[in-house]
Amino acid sequence: MPELPEVETLLRQLRQTITSEKICEVRIYDEKLVRFPEMIGRRVREIRRAGKEVEIDLGGPVIHIHLRMSGRLFWRRSGDLIPPHTRFSIAFENGEIICIDPRRFATLTFRSGPSVLRSRPVDILTGMDPREICNRAGRRRLPVKALLLDQRDMPGMGNIYACEILFEAAVSPWRRACDVTAAEWEAIAAAAGRILKEAVLCRGTSISDWRDLFGRPGEYQRRLQVYGREGKTCLRCAARIERRKIGGRGTYFCPGCQK
DNA sequence: CCCTATGTTCCCAA
DNA sequence: CTTGGGAACATAGG
């Protein structure tokens, strides 16, 4: 269930672990995924991320991974045991990456062509421009949280951090995007920068089963201000946190101080 | 049995 | 064209 900070955590750990390493073997355990023999013998040149998508560039061919809801990647030295829900593994001379994904939504694709992630919009981790977002919100009447979760507008944004960002910015998730003021967009952008960077430093949020490449849980769950706190007292005012659906997603917010 | 789940896409209706 | 709702994908857990 990785969002941007979790995928960024994996990206950094993958870079330090498999950069320049040579692929020895690729195993596929799920018939939904397809094997591509051209990977064998190639070395990892570069690893990129755009939003929640990851690309392992082999200097020509590219491996593309999206973990969706329940996908996880783990590094291990030896590959004798195959844990339940293992979907694929990519073995190198010094160890292997395995993907474990109970719900089987994760995708693994190979391309012989160049990167598809290079031409993507600016990453919200390196900075969202509040004026540009304000312009893009234009006359759109959907709830601001729905806009935040749109991957074309906010690549990498996920449900937990969208709730946290709107809480910190004190903006109601129900506000129409076109009614959010320039000052509020600035507050949202500032909150996003602070929260996402802090979450990366914490190696993500482990509410249930998120673990990093080395099997360690993240720490950001201890810093959550609103997500998962339905019925509890708001940490900023005296109101009670509510949960309602926006776009089918559980949305936590404080009716007292998010206006 | 019911409901929920950190994601995304597609179809349909207003 | 926009938006919102529901289903689908597939599984585990409360």
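Every heavy atom of this structure was used, including side-chain atoms; hydrogens, water molecules and symmetry mates were not. Each chain gets a letter, A, B and so on, in the order its sequence line appears, and its residues count up from 1.
- Within the structure, every side-chain polar atom (N or O) of A:K32 is placed at least 4.0 Å from both OP1 and OP2 of C:dC9.
- The aromatic ring of A:F105 does not sit over the base of C:dA10; the criterion of centres under 5.5 Å apart with planes under 30° is not met.
- Across all strands shown, A:I207 has heavy atoms under 4.0 Å from base atoms, whether or not it also approaches the sugar-phosphate.
- Among the atoms of the strands shown, none is found under 4.0 Å from any heavy atom of A:R152.
- In this structure, A:D153 places its CG atom 13 Å from P of B:dT8, rounding to the nearest Å.
- Look at A:R249 and you'll find a side-chain N or O under 4.0 angstrom from OP1 or OP2 of B:dG7.
- Nucleotide C:dG13 is matched to B:dC3 when pairs are restricted to Watson-Crick or G-U wobble geometry with both distances under 3.5 angstrom.
- Distance, A:K245 NZ to B:dA5 C1': 9 Å, rounded to whole Å.
- Under a 3.5 Å cut-off, the side chain of A:E164 and the backbone N or O of A:I160 do not form any donor-acceptor pair.
- A:R203 and A:D212 are joined by a salt bridge, as a carboxylate oxygen and a charged side-chain nitrogen come within less than 4.0 angstrom of each other.
- Taking 4.0 angstrom as the limit, A:Q151 places a side-chain polar atom (N or O) nearer than this to OP1 or OP2 of B:dT8.
- Note on A:E96 versus A:R27: no salt bridge recorded, every NZ/NE/NH1/NH2 to OD/OE distance being 4.0 Å or above.
- Residue A:H85 places its side chain closer to C:dA12 than to any other of B:dA5, C:dA12, C:dT3.
- Of the candidate nucleotides C:dA10, B:dA5, B:dT8, B:dA5 has the atom nearest to the side chain of A:M69.
- Nucleotide B:dC3 holds its C1' atom 12 Å from the CD atom of A:E230, rounded to whole Å.
- Between A:H66 and B:dG7 there is no side-chain N or O to OP1 or OP2 distance below 4.0 Å.
- The CG-P distance, from A:L149 to B:dG7, rounds to 7 Å in whole Å.
- Considering only side-chain atoms of A:R104, the nucleotide from B:dT6, B:dA5, C:dA10 that sits closest is C:dA10.
- If you measure from atom CG of A:D101 to atom P of B:dG7, you get 14 Å, rounded to the nearest angstrom.
- Checked against C:dG4, C:dT3, B:dT8, the side chain of A:R176 finds its nearest nucleotide in C:dG4.
- Look at A:Y161 and the base of B:dT6; the rings do not stack under the cut-offs of 5.5 Å between centres and 30° between planes.
- Nucleic acid contact for A:S70: none, since no nucleic acid atom lies under 4.0 Å from a heavy atom of the residue.
- OP1 or OP2 of C:dG4 has not a single side-chain nitrogen or oxygen of A:K145 nearer than 4.0 Å.
- Contact annotation for A:G248: no contact, since no heavy-atom pair falls under 4.0 Å across all strands.
- The aromatic rings of A:Y220 and A:Y161 lie tilted to each other, with the angle between the two planes from 30° to 60°.
- For A:G247 and A:R103, each mapped to the nucleotide of DNA chain B holding its nearest heavy atom, the one lying further toward the 5' end belongs to A:R103.
- In this structure, CG of A:D209 is placed 14 Å from C1' of C:dG14, rounded to the nearest angstrom.
- When the P atom of C:dG4 is taken as reference, atom CG of A:L147 falls 11 Å away, rounded to whole Å.
- Considering only side-chain atoms of A:P143, the nucleotide from B:dA5, B:dG7, C:dT3 that sits closest is C:dT3.
- Base-pair partner of B:dT8: C:dA8 (Watson-Crick or G-U wobble, both distances under 3.5 Å).
- Going from atom CG of A:D30 over to atom C1' of C:dT11 covers 13 Å, rounded to whole Å.
- Using a 4.0 Å cut-off, some side-chain N or O of A:R140 falls inside it from OP1 or OP2 of C:dT3.
- Separation of the P atoms belonging to C:dA7 and B:dC3 is 11 Å when rounded to the nearest angstrom.
- In this structure, A:R243 reaches the sugar-phosphate backbone alone: every heavy-atom distance under 4.0 Å involves primed, P, OP1 or OP2 atoms, never a base.
- When distances are taken from the side chain of A:N159 to each of B:dT6, C:dT3, C:dA10, the shortest belongs to B:dT6.
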